[in-house]
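All remarks here apply to the structure that follows.
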Amino acid sequence: MIADQQSRNSGAALAELNPQQQEAVSAPLDPVLVLAGAGSGKTRVLIHRIAWLMLEKGASPYSVLAVTFTNKAAAEMRARIEHILGMPSTRLWVGTFHGIAHRLLRTHWQDVGLPQAFQIMDSDDQLRFIKRLLKNLGYEDSNWDPKEVRSYINHQKNEVRRPTGTLQSEDPARRQLNEFYRVYQETCDRAGVVDFAELLLRAYELWSDNPEILAHYQQRFKYLLVDEFQDTNTIQYRWMRLLAGQQGIPFVVGDDDQSIYRWRGARIEHIYRFEKDFPRTRIVRLEQNYRSTGTILAAANALIANNQSRMGKNLWTDGKSGAPIRVYSAYNERDEAEFVTSRIRDWEAQGGVRSEVAILYRSNAQSRVFEEYLINARIPYRVYGGLRFFERAEIKDALAYLRLALHRDDDTALDRIINVPTRGIGAKSVDRIREHAKAHSMSLWRAAAELSKNGFAARTANAVRAFLELIRSMGSAIEGLELHEQVDHVIYNSTLLAHYEKDVTEKGEARVENLHELVNAARGFDPGEMEEDLPPLVAFLAHASLESGEGQGAVWEDCVQMMTMHSAKGLEFPLVFMVGMEDGLFPHQRSLQDASGLEEERRLCYVGATRAMQQLYMTHAEQRRLHGTDSYSQPSRFIGEIPDELLEEIRPQIHVSRPVYRPGQGSAGKRAKAAGFGATQQAGYRLGQRVQHGKFGEGVILNFAGQGAQARVQVNFESVGMKELVLAYANLEVL
DNA sequence: ATGATGATATTTTTT
DNA sequence: ATATCATCAT
């Protein structure tokens with residue numbers, strides 16, 4: 001299921017590559033832009049380029065910097081490089097932009113004015129931080145949404161803008177935001193915490209402000225390789241341009257048609273301007289696809305051709321054209337799930353492997369119905385996405401204790417756990433601690449200490465003192481312990497464990513399990529060379545912030561894979577279901593405002609379709625329960641953009657798929673409600689039946705109501721949407 | 001200080 | 001449907 005299966009150890013850098021791949025891999029030592037379509041072996045080319053540089057050009061591993069966007073991709077890349085070189089490549093820098101920036105900052109903390117033991121805030125920490133600060137500054141009533149403030153600040157940073165540089169704005173609201181940004185940054189600096197965007201910005205400034213340091217790295221990293229180049233945002237691009245300078249040899253690989261992260265700052269334009277910024281750039285196109293059938297590629301090509309702004313590429317294959325793309329029109333989301341489930345059963349019956357099947361959807365909420373049906377059919381599945389290990393509340397709580405035990409002045413940590421588990425220090429008291437801290441510009445810790453001596457009522461004072469003492473004793477108790485013993489000590493003595501053990505629900509059990517798993521993670525923690533000079537606990541905490549912990553405790557069972565189309569990027573599956581293909585859902589309603597939003601949705605659809613190797617299904621529902629109410633929509637326009645001759649419409653089964661009653665399942669009530677809506681057939685009509693109306697045109701029957709002469713029917717018309725008609729007068733023609 | 005109740009707003013995700 | 005958040009009563 002990982003892309004690029006052809007990668008076998010070839011021994012030589014150029015073996016088993018097609019001519020275009022070879023051209024890219026062995027391009028002269030000048031800047032190279034590889035435009036690589038889906039499934040054309042782009043990561044493979046990047047890896048072989050590194051091997052080629054080292055084996056053919058005698059490049060030292062020391063001179064190579066390879067950058068990716070996710071930790072998973074970085075790990076995979078390192079493994080594949082080691083595989084192809086046949087030796088461990090510890091000297092090679094392979095990492096994410098953030099990981100590399102972090103490493104630079106740990107080395108050069110003095111040059112960028114950070115404390116040696118600076119802490120990293122993940123976006124959740126950042127949000128809490130902003131909320132707290134907003135409160136502190138009395139912005140409570142101004143209807144500022146903390147999330148919007150966060151995205152504003154991050155956006156500024158991603159665009160390489162400091163508050164000082166942007167303060168002069170005409171718009172007063174904007175000026176206020178910038179002012180807040182300024183205070184936010186000051187507060188971060190004082191607390192010695194760094195958010196994700198700040199990692200990149202500081203690393204950028206490290207170089208832009210210190211020519212001699214920049215020169216050192218420019219000399220060292222002669223070869224700079226970037227994967228998924230279309231996902232770079234402004235700061236990342238400027239950073240790599242700085243490093244490349246005049247002498248560096250960047251090798252970037254990307255696909256403008258697979259750019260789906262504009263909403264988080266990625267700029268496709270970097271692909272377009274690359275050859276302007278780097279003279280003598282050689283552009284290589286990889287258009288031969290090794291993944292999908294001709295039909296799937298033809299559909300994907302036709303679809304993406306509707307986008308105006310693209311560099312242009314056409315995927316081709318010398319393989320078979322394969323089966324048509326099958327389109328199923330369900331009449332509601334349950335029918336859709338049942339259809340998919342039954343097709344997966346068929347796949348299994350024919351000896352297919354479950355992990356070769358993927359259900360792809362636009363938004364996470366859509367997974368639920370499929371889970372229900374798959375559970376019922378006893379088909380194991382795995383849902384990707386959702387909370388990762390280190391993002392779970394109980395884990396973050398435990399880590400906050402550790403952080404506080406390590407640095408008393410870590411306000412973010414203190415704020416998080418001062419009353420977790422509840423120990424009688426309520427919001428009011430915490431507010432007073434904040435006030436005091438603010439008034440005397442001191443940390444929350446010191447403020448709490450001072451107020452506990454003089455200023456709180458006896459009961460609160462006692463509670464606060466007990467808390468302070470708890471942290472102090474933790475601090476001294478964990479000194480000198482092994483990392484996993486430190487973690488173990490904290491989860492017990494913080495009473496977090498006992499607190500969650502009281503919760504006998506599944507949720508509570510999972511939390512207890514997670515806390516134990518945290519001890520395990522600490523036991524198995526290997527700082528790697530990036531952080532080997534740091535104290536283990538500091539390294540562990542940085543690791544926890546930077547790596548959210550994908551794949552923690554993953555059970556390797558043969559499972560159907562369920563995920564959003566976003567997270568499917570880079571993966572491939574023999575059998576793919578793209579579900580919820582409805583206008584409003586996909587393309588998503590909120591992207592329909594402007595053309596560029598729609599184009600990004602189309603690229604997402606392109607990404608989804610090109611995941612499929614052999615068989616692609618697209619399904620949509622006439623009626624869908626969304627946010628608790630029913631909505632009705634038309635098939636996605638993207639289906640219409642695929643030539644008819646590539647599609648095969650699957651007629652709804654004659655039996656109306658009414659959920660079967662299953663004894664012992666909890667949601668019988670729900671089901672009864674759904675089924676009890678009315679008959680599923682009525683005098684020549686059935687649910688899902690296409691009908692023609694004199695005035696409204698074509699539509700689909702979604703419901704029946706009433707009896708005899710009052711019998712009514714709900715029809716979703718293509719032109720006017722939902723209508724309820726009295727059968728006796730409607731004069732519907734069955735199609 | 002805390003648990004219950006009602007209003008609100010619901011893409012996509014990595015670091 | 002559901003999760004999160006503010007407000008209110010205990």
Side-chain angles (χ1 to χ4, degrees), chain A residues 67-74 95-102 120-127 131 140-141 143 145-147 151 154 157-158 194-201 203 228 231-233 235-236 259-266 333 360-366 368-369 372 384-388 390-391 393 419 421-431 457 459-460 463 542-550 563-570 580 584-593 597 600-601 603-605 607-608 624-631 667 670 673:
Chain A
V67 193
T68 62
F69 278 85
T70 66
N71 291 302
K72 194 173 151 207
T96 62
F97 277 104
H98 291 85
I100 288 163
H102 175 235
I120 301 169
M121 270 198 295
D122 70 17
S123 28
D124 185 55
D125 298 332
Q126 190 188 15
L127 190 64
K131 279 183 187 162
E140 273 164 303
D141 38 302
N143 33 0
D145 175 5
K147 284 206 175 112
S151 81
N154 290 341
K157 292 186 176 189
N158 284 335
V194 170
D195 62 51
F196 284 142
E198 187 70 16
L199 283 172
L200 300 176
L201 188 46
E228 305 281 14
D231 287 339
T232 51
N233 64 28
I235 182 100
Q236 289 162 337
S259 164
I260 52 176
Y261 288 116
R262 200 191 134 81
W263 50 275
R264 62 180 202 213
E333 78 281 354
L360 307 183
Y361 35 78
R362 175 64 235 261
S363 62
N364 284 309
Q366 288 171 259
R368 262 210 163 76
V369 201
E372 230 176 83
Y384 287 73
L387 271 191
R388 253 75 52 81
F390 285 113
E391 290 167 2
N419 201 28
T422 50
R423 51 170 64 87
I425 309 174
K428 265 268 152 52
S429 309
V430 178
D431 275 346
R459 208 165 89 186
T460 314
H543 168 87
S545 300
L546 282 171
E547 295 206 30
S548 34
E550 176 66 77
M563 65 193 83
T564 63
M565 297 194 212
H566 279 94
S567 37
K569 191 166 78 149
L585 231 197
F586 189 38
H588 195 276
Q589 196 64 49
R590 295 171 73 135
S591 66
L592 291 175
Q593 327 301 338
E600 177 141 320
E601 294 286 294
R603 289 193 294 270
L604 184 58
C605 188
V607 167
R624 179 178 295 278
R625 211 176 167 89
L626 212 58
H627 312 317
T629 45
D630 288 337
S631 61
S667 42
K670 261 189 247 173
K673 197 167 124 203

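Letters go in sequence order (proteins before strands), and every chain restarts at 1.
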*Touch check for A:Asn71, heavy atoms < 4.0 angstrom, all strands: base, sugar-phosphate only, or nothing?*
sugar-phosphate
*Does the side chain of A:Arg362 reach to within under 4.5 Å of the side chain of A:Leu604, using non-hydrogen atoms?*
yes
*asked:* Quick test of the criterion, 5.5 Å between centres and less than 30° between planes. Is A:Trp263 stacked on B:dT12 or not?
replied: yes
*With nearest nucleotides of DNA chain B determined for A:Arg423 and A:His566 from heavy-atom distances, which residue corresponds to the more 5′ nucleotide?*
A:Arg423
_Taking any heavy-atom pair under 4.0 Å as a contact, classify A:Asp231: base, sugar-phosphate, or nothing._
nothing
*Would you say a side-chain N or O of A:Ser123 is under 4.0 Å from OP1 or OP2 of B:dT13?*
no
*Should A:Asn158 be listed as having a side-chain N or O under 4.0 Å from OP1 or OP2 of B:dT15?*
no
*Find out whether A:Val67 and A:Gln236 are in side-chain contact, i.e. whether some heavy atom of one side chain is under 4.5 Å from a heavy atom of the other.*
no
_If we count only N and O atoms by modelled type, under 3.5 Å, do the side chains of A:Gln366 and A:Ser363 hold a donor and an acceptor together?_
yes
*Report yes if some heavy atom in the side chain of A:Leu546 is under 4.5 Å from a heavy atom in the side chain of A:Leu199; otherwise report no.*
yes
*Quick one: the side chain of A:Ser591 and the base of B:dT12, do they pair up donor-acceptor inside 3.5 Å?*
no
_For B:dT13 and A:Arg388 - does any side-chain N or O of the residue sit under 4.0 Å from the phosphate oxygens OP1/OP2?_
no
*Thinking salt bridges, do A:Asp122 and A:Arg388 make one under a 4.0 Å N-O criterion?*
no
Listed pairs, N/O of protein and of nucleotides 4-10 of chain C, under 3.5 Å:
{"from": "C:dC5", "atom 1": "OP1", "to": "A:Lys131", "atom 2": "NZ", "distance (Å)": "3.3"}

*asked:* For A:His566, give me all partners under ring pair (Phe, Tyr, Trp, His ring centres under 6.0 Å), at least two apart in sequence or on another chain.
replied: A:Tyr261, A:Trp263
*Phosphate OP1/OP2 of B:dT15: any A:Ser545 side-chain N/O under 4.0 Å*: no
_For B:dT2 and A:Asn419 - does any side-chain N or O of the residue sit under 4.0 Å from the phosphate oxygens OP1/OP2?_
yes
*For A:Phe69 and B:dT15, give me the distance from atom CZ to atom C1', rounded to whole Å.*
10 Å
